[in-house]
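Working notes, structure below.
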Protein chains: 2
Amino acid sequence: MTDTPATPRRRGAARTEELLRVTLDLAAEVGYAGLGIEAVARRAGVGKHTIYRRWPSMSALLLDALSRVWASDLDYRDTGDVRADLREQFLRSGLALSSPPIGPVYRAVIAEAQADSTLRATLHERFLATVEQRTLDRITRAQRTGELTAEANLEFAAEVLCGTLYYRSLLSTRPIDENAVDGLLDMFMAAYGTSTRTRAQTSHAASCETPQVGAEPVPRPANPRLSQTTTSDPPSC
Amino acid sequence: MTDTPATPRRRGAARTEELLRVTLDLAAEVGYAGLGIEAVARRAGVGKHTIYRRWPSMSALLLDALSRVWASDLDYRDTGDVRADLREQFLRSGLALSSPPIGPVYRAVIAEAQADSTLRATLHERFLATVEQRTLDRITRAQRTGELTAEANLEFAAEVLCGTLYYRSLLSTRPIDENAVDGLLDMFMAAYGTSTRTRAQTSHAASCETPQVGAEPVPRPANPRLSQTTTSDPPSC
DNA sequence: TCCTATCGGCACGTGGCGTGCCGTTGACAG
DNA sequence: CTGTCAACGGCACGCCACGTGCCGATAGGA
């Protein structure tokens, strides 16, 4: 990459930025295994103190690194079609969760969280619960517009939707492909959708191309980066 | 039983059994943190070789230990009421996943699986997929008896049901209580149940009349704060 | 220009892993 | 009763990562 050209040997806040980037690069290359403080320090050409001065543990570093890449382009769209919006977002999130930068870091955090209940709570509060909340917001709007039944318990629905995706990407060995997302949405819409009872059309979505043209789920919204500040923005599902 | 009075110094296969038991005991006491080969060896008064001769790594030991305590709880009942059977099983599994013997071991395996794709595949095949399969079997029978719609995609349904439970118990911080299980089953039955549209009465088995009046006949939309009750009612009726 | 916090480098102690070696033990064969 | 041999407990080693302490160098502000 574009490593520091000369050698502006040391800075205060720029180092923090660089260390986060190095952590993500390292995670993308070597995965969770071999991802430690010393590895990051070596990779960045940095003393371990420089890391410990910023984060108390590897877990904290990982959380910040995760915020950096998991926060940005993750808001749900609202085209008026819940199912399409959810589908687009789920596919995008599923891809992200399985891809080099985010996947390994997420795995690392989850692994360490198994031995640290405090970290587990932080992980849940800072990421999982936030993701559920975004999902809940989106389907709540759909409920208000009449796309979903009024008596649907959307809190649980949001958890089920997000939980299934996390389960599949992090615990299962199956990929989050269109088939999986459609199956999940089939069940969700069958339960709480108000339009045509049989919106399902179980799987086999690949047999015929998506008829929709106007609301083509082409994920190319390219959300304008609101701000690239290092503030840990909440992610979405 | 407080055995091991004397010192029946060494055996062949009985040692294996004892080591599995010690591993579970140790996991129940110290949790995932501090659960390693040396810890097990010390606890069992055993040389590390005695462990390495049986399992190539801690992960393998944990998998075997997990099999020992997790295998017996996998069978669903079949009372003729899918929802009641699922509910009972989910509550039982949720309690087990959060309790000392199984919970910590499960967490340990999941943590190590994040760094080892082979272990992840084994974990999925040996446990997660098996649980899904049992669930699939049960709801498939329900589909045949007409309790579930014929066009329901039960494979995804089984994954959603199990995945949500695993997500909640292992990644989330919320307990698997009756509220959660009922919410999950509400969605499942609303999607694929055939019995009227009135989804979701906290069905306590139609077979036995529960005099309980606290049961909610209708899913109150006013689902308030997640009231975290710890196992208030026995699942059996 | 000087001052000082930050930095890189190095070393230390701790602790778990996985392996090798050695003397012991006990089940089984004769 | 005795011999044999594999399994065993104990010990030690090298390795590596962690978290900390110390020291001289450096850069950016006063």
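First the proteins, then the strands, lettered A, B, ... as listed; each starts at 1. The structure displayed is predicted, hence computed values, not measured ones.
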Margin query: Just by distance, no angles: are the side chains of B:R126 and B:S67 close enough, under 3.5 Å, to form a donor-acceptor pair?
Written below: yes
Quick one: does B:H49 reach the base of C:dG20 with a side-chain donor-acceptor pair under 3.5 Å? yes
B:R42 atom CZ is separated from D:dG9 atom C1', nearest whole Å, by 15 Å
Residues B:D25 and B:R21 bridged, charged N to O under 4.0 Å: yes
Separation of D:dA17 atom C1' from A:E112 atom CD, nearest Å, is 12 Å
Closest non-hydrogen atoms of A:N179 and B:F156, given as atom of the first, atom of the second and distance, are O-CZ, 3.2 Å
A:Y52 OH to C:dG9 C1', in whole Å, measures 16 Å
Atom CD1 of A:I51 and atom P of D:dA17 are separated, to the nearest Å, by 13 Å
Using only modelled atom types and a 3.5 angstrom limit, is any donor from either the side chain of A:K48 or the base of D:dG19 paired with an acceptor on the other? yes
| field | Under-4.0 Å salt bridge between A:R120 and A:E112 | value | no
Here the distance between atom P of D:dC18 and atom CE of A:M58, to the nearest Å, is 8 Å
Double-helix bend of the helix from C:dT1-D:dA30 to C:dG30-D:dC1, axes at both ends from 5 pairs, round to 10°, gives 10°
Exercise for review: In plain terms, say whether A:E88 and A:R83 are close enough for a salt bridge, that is, a side-chain N and a carboxylate O under 4.0 Å apart.
Suggested key: no
Smallest heavy-atom separation, A:P175 atom then A:A180 atom, equals O-CB, 4.2 Å
* **side-chain N/O B:R53 vs D:dC8 OP1/OP2, d < 4.0 Å** => yes
From CG of B:L19 across to P of D:dG9 the rounded distance in Å is 8 Å
Open item on the list: Measuring to OP1 and OP2 of C:dC7, would you say a side-chain N or O of A:R54 lies under 4.0 angstrom away?
Closed with: yes
**Q.** Any A:T50 side-chain nitrogen or oxygen under 4.0 Å from OP1 or OP2 of C:dG8
**A.** yes
| query | Distance only, no hydrogens: is a donor on one side chain within 3.5 Å (strictly under) of an acceptor on the other, for A:S172 and A:Y167? | reply | no
B:I37 atom CD1 is separated from C:dT19 atom P, nearest whole Å, by 10 Å
Ranking A:E38 and A:V46 by the position along DNA chain C of their nearest nucleotide, the one closer to 5' is A:V46
Rounded to whole Å, CG of A:L26 lies from C1' of D:dA17 at a distance of 14 Å
